[in-house]
Participant: 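To start, I am sharing the structure in question, which I have written as C-alpha cells.
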2 protein chains.
Amino acid sequence: MSKYAVGVDVGGTTVKLALVSESGEIFKQTSVPTLGDQPPEVTVNQIRDAVEEFKNGLSPKDSIIGIGIGVPGVVDLDGGTVSYPPNLKGWGVVRLGDHVKKATGFETKVENDANVAAFGEGIFGSGTEQESFVMITLGTGVGGGIVINRKIYRGVFGGAGEIGHISIQQDGPICACGNQGCIEVFIGQQHIVDFAHSLLPMFPDSPLARIGQERRLEVKDLSIYANKNDQLSIHVFERVGKLLGVALTSVLHILDIRTFIIGGGVAGAGDFIFKPAEDHIKSHALTSMRPSVKLIPADLGNNAGILGAAAMVFKG
Amino acid sequence: MSKYAVGVDVGGTTVKLALVSESGEIFKQTSVPTLGDQPPEVTVNQIRDAVEEFKNGLSPKDSIIGIGIGVPGVVDLDGGTVSYPPNLKGWGVVRLGDHVKKATGFETKVENDANVAAFGEGIFGSGTEQESFVMITLGTGVGGGIVINRKIYRGVFGGAGEIGHISIQQDGPICACGNQGCIEVFIGQQHIVDFAHSLLPMFPDSPLARIGQERRLEVKDLSIYANKNDQLSIHVFERVGKLLGVALTSVLHILDIRTFIIGGGVAGAGDFIFKPAEDHIKSHALTSMRPSVKLIPADLGNNAGILGAAAMVFKG
C-alpha cells in the first residue's frame, strides 16, 4: 500500500496538478488553464475533477492522503485563505483550502507559491541537507521563501520572504509594487533584457548586437552566448549577480542564514550569475558572517510548485 | 524570599552591573571601567567582585539565581563564547559564560548586546505586549535585535539582526564594515551630524548655523531645535526617518514582522524621526503588508543592557 499526495501549482496561466509519492516521484501529471478572471469555484472544480481522475486511476491498495496547493499571493493558514491574488482578478478573499476540502473530501493545505517552492527544495530538492536556507526564484519577478529548521518561516501575518522587494537603491527606479529600487527592478527578467539592449551600442561585435536589432532579446539568448564567451552577456550577468549579492548580503545580515538556493528561469545562467553574487557577499558581508556562505542551484525546476505542494501534505 | 538576577552590560567604555528583581526593578547598580585591552580574566574578575558585593548585601532569605551578560560582538551560545569583539581588543575567542560561572558559581548566560536590549524590551519594556518585534538602536552605530514569539532570533550562527548593515544604496558610501551604502552610513550619529553641517549654508537663518560655526553639532542640538520648529533640524530628521523607513520596509518584506521598537540616543528625536519613517513604510511597503505597521519608542533607555541581561536569566 502506497500513500500519495496531490500537489497543485496555481500559476498565472496554468494550474498544474500531480500525483506524487512520498519519495517525491511524480506518477501522474496534468494541467488546465488558469481561469483567474472567473470566480474561484471554477478553479476548485478543475482541481476536484483532476483529483477524481487521479483517484480513479489508483489501485485499491493505494490512497491519496491529502492535497497541497501553492497560490500566487498572501495566504492565511486559517482555512487556507487567499486574499486578492494579483494574477487571479476574479478571486477576492477565498477560503480555498476549505472549498477544496469540501469538494474533494481530502485534507487540503494552501501556501504561497514561493514558500511552497522553497519547502519543496528542502524536502525533495537541493535543500535536503540544509536545516535553514533562503530560496530565491529569479524569473519575471524575484520571489523568495525562507526555511528555518525545516519549516517555512511565514512571519506574523504570512507575508515573509518577499526578497524581491528589498530596496537596494533608495533613490532607484519605481517597482511595480510601488516601492523604489527593489532588487526586482534591476534583475527581473524584463529588466535584464532592457539592460542588455541598452548595452548593445557598446558591444557592436557581440552576436547579440545583430539579434537585438531584429527582435527583443531573451535571457535565454544571454545564457547561450555567455557560454560562448560573449562579453556583453557575461557583463550583463555579472551585474545581475552583483546586485543579487547586494540584496542577499542584507538578507544574510538580517537572518544569519548562509545557504541560498537559487531557482527560476534566469538562474539557468548558472555560475555567470552565481559567481559574482557569491563574490559580492563574501567581500561585502560582515567579516564574521562570511564563512559558510554558499549559493546552490535549485533542483526541482518547473516541478518545484507541484512537488513542494505535495511535500506540504507529507511533511508540512 | 525573593529571587534576583545580576545583569551585566559590557560596553565599549563601561561595564555596568545591576541586581535586578523578577519584576525588573533595579535594586543595586554599579559600574567599572571596561579594560578591553587587557585579557578577559580582568573583566571576569571585575564581574566576580561586583557579584560578590551584591550577594553580601542580600538578606539571608533572598538569593541570586544567575547572571546574564550582554557583550558587543557575535556570541556562540556554546559556553557563552565571544569571538573577537571589535571593541575589546584584548579578548580574542573567550568562553566568557564558562569563565564567569567558574569564578562566581552562578549559571551564566551570554548574548550579543543588541539581542539583549531587544529581549529586555520584550520582557520589561515597551514590547511586553508584542510576541514578535524588531528592535533598532540608533546611536553611534545602528544596532538590531529580532524577537520572534518572545524568543531572540539568532539565526544559524548567532549573527542575526544586523539591521544597521542593510544596504539601502548599492553604490552608496563605504561603511566601516566594508559594505557599501549600509543604513548606518546614512543615519549613524556622526553621519547625521555631518549631514546637518553640510546643510548649514542652505539654512543661514537657523540658530544652528551660528552654533555650527563655533563647534561641532550634536544630535541633541538638532532635537532641541527641532522642538523649536527649526527647519534645518526638522529637515535632517525627516531624511533620517525616511532612510530608516527604507531599511525597515526591507526588513518588513523579509520577516513580515510589523512592530518596530526604536531606541538609542538618536531615537530621542522621537516623532521627528518616527513619523517620516512610518510614513515611508506605509507608502512603500507591499500593500498587503502595510496594515498593523507601527513604530514604538523603546522604554528602558540606558538600562536596556542590564535589564535585558537580567531578563535572560529569568525568562531566557
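Computed from a predicted model, the values in this text were never measured in an experiment. As a basis for the values below, the full set of heavy atoms in this structure was taken, side chains included, without hydrogen atoms, waters or symmetry mates.
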Participant: Do you know which of Asp256(A), Asn149(A), Ile163(A) has the most heavy-atom pairs with chain B at a distance under 4.5 angstrom?
Facilitator: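 Answer, by heavy-atom pair count under 4.5 Å with chain B: Asp256(A).
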Participant: Under a 4.5 Å heavy-atom cutoff, which of Pro291(B), Gly159(B), Gly155(B), Gly158(B) has the most pairs with chain A?
Facilitator: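 Top option by heavy-atom pairs under 4.5 Å: Gly159(B).
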Participant: With only heavy atoms counted, which part of Ser167(A) is less than 4.5 Å from chain B, the side chain, the backbone, both or neither?
Facilitator: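 When you check distances to chain B, atoms from both the backbone and side chain of Ser167(A) fall under 4.5 Å.
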Participant: With chain A as the partner, which of Glu162(B), His253(B), Gln180(B) has the greatest number of non-hydrogen pairs under 4.5 Å?
Facilitator: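 The residue among Glu162(B), His253(B), Gln180(B) with the greatest pair count is His253(B).
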Participant: Name the region of Leu255(A), side chain, backbone, both or neither, that has any atom closer than 4.5 Å to a heavy atom of chain B.
Facilitator: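 It is both, since atoms from each part get that close.
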Participant: Flag the pair Leu243(A) / Gln170(B) as yes when at least one side-chain heavy-atom distance between them is below 4.5 Å, and no otherwise.
Facilitator: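 Leu243(A) vs Gln170(B): side chains touch.
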Participant: Just give me the residue among Ile166(B), Thr259(B), Thr249(B), Thr287(B) that pairs up with chain A most often, heavy atom to heavy atom, under 4.5 Å.
Facilitator: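 Top option by heavy-atom pairs under 4.5 Å: Ile166(B).
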Participant: Checking heavy atoms, do the side chain of Ser83(A), its backbone, both or neither come under 4.5 Å from chain B?
Facilitator: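 It is neither, since no heavy atom gets under 4.5 Å.
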Participant: So which of Ala247(B), Cys177(B), Gly161(B) has the largest heavy-atom pair count under 4.5 angstrom toward chain A?
Facilitator: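 The candidate making the most pairs under 4.5 Å is Gly161(B).
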Participant: Just by distance, do the side chain of Glu184(B) and the backbone of Val142(B) share a donor-acceptor pair under 3.5 Å?
Facilitator: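 Yes.
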Participant: Spell out, as yes or no, whether a donor-acceptor pair under 3.5 Å connects the side chain of Gln130(A) to the backbone of Gly122(A).
Facilitator: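 Not confirmed, Gln130(A) side chain does not pair with Gly122(A) backbone.
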Participant: At a heavy-atom separation under 4.5 Å, does Phe157(B) approach chain A through its side chain, its backbone, both, or neither?
Facilitator: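 Contact with chain A involves both backbone and side-chain atoms of Phe157(B).
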Participant: With a 4.5 angstrom heavy-atom cut-off, could you sort out which part of Ile148(A) is near chain B: side chain, backbone, both or neither?
Facilitator: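 For Ile148(A), side-chain heavy atoms alone lie under 4.5 Å from chain B.
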Participant: When heavy-atom pairs shorter than 4.5 Å are enumerated against chain A, which of Ile254(B), Val246(B), Ile257(B) gives the highest number?
Facilitator: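 Most heavy-atom pairs under 4.5 Å with chain A: Ile254(B).
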Participant: Determine the sole option in Ile146(B), Asn115(B), Ile261(B), Val147(B) for which the side chain to side chain contact (heavy atoms under 4.5 Å, CB included) test with Met135(B) is passed.
Facilitator: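 Looking at Ile146(B), Asn115(B), Ile261(B), Val147(B), the match for Met135(B) under the side chain to side chain contact (heavy atoms under 4.5 Å, CB included) is Ile261(B).
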Participant: Give, as side chain, backbone, both or neither, the part of Arg154(A) having an atom under 4.5 angstrom from any heavy atom of chain B.
Facilitator: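 Only the backbone of Arg154(A) comes within 4.5 Å of chain B.
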Participant: What pair of heavy atoms forms the shortest contact from Val110(A) to Val75(A), and how long is it?
Facilitator: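 Answer, listing the atom of Val110(A) first, then Val75(A): O-CG1, 3.5 Å.
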Participant: Tell me whether Arg150(A) contacts the main-chain N or O of Thr128(A) through its side chain, where contact means a donor paired with an acceptor under 3.5 Å.
Facilitator: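 Judged by distance alone, yes, a pair lies under 3.5 Å.
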Participant: Checking Leu252(B) against chain A: side chain, backbone, both or neither under 4.5 Å from a heavy atom?
Facilitator: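 For Leu252(B), neither part sits under 4.5 Å from chain A.
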Participant: Please state whether the side chain, the backbone, both or neither of Leu286(A) comes within less than 4.5 Å of a heavy atom of chain B.
Facilitator: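 Side chain only.
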Participant: Return yes when atom NZ of Lys242(A) has more than 12 non-hydrogen atoms of other residues, nucleotides or ligands closer than 6.0 Å, and no otherwise.
Facilitator: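 Yes.
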Participant: Counting only N and O atoms by type, is there a donor-acceptor contact under 3.5 Å from the side chain of Ser126(B) to the main-chain atoms of Pro297(B)?
Facilitator: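 Answer holds: yes.
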Participant: Ignoring hydrogens and geometry, is there a side-chain-to-backbone donor-acceptor pair from His165(B) to Cys182(B) under 3.5 Å?
Facilitator: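 Not confirmed, His165(B) side chain does not pair with Cys182(B) backbone.
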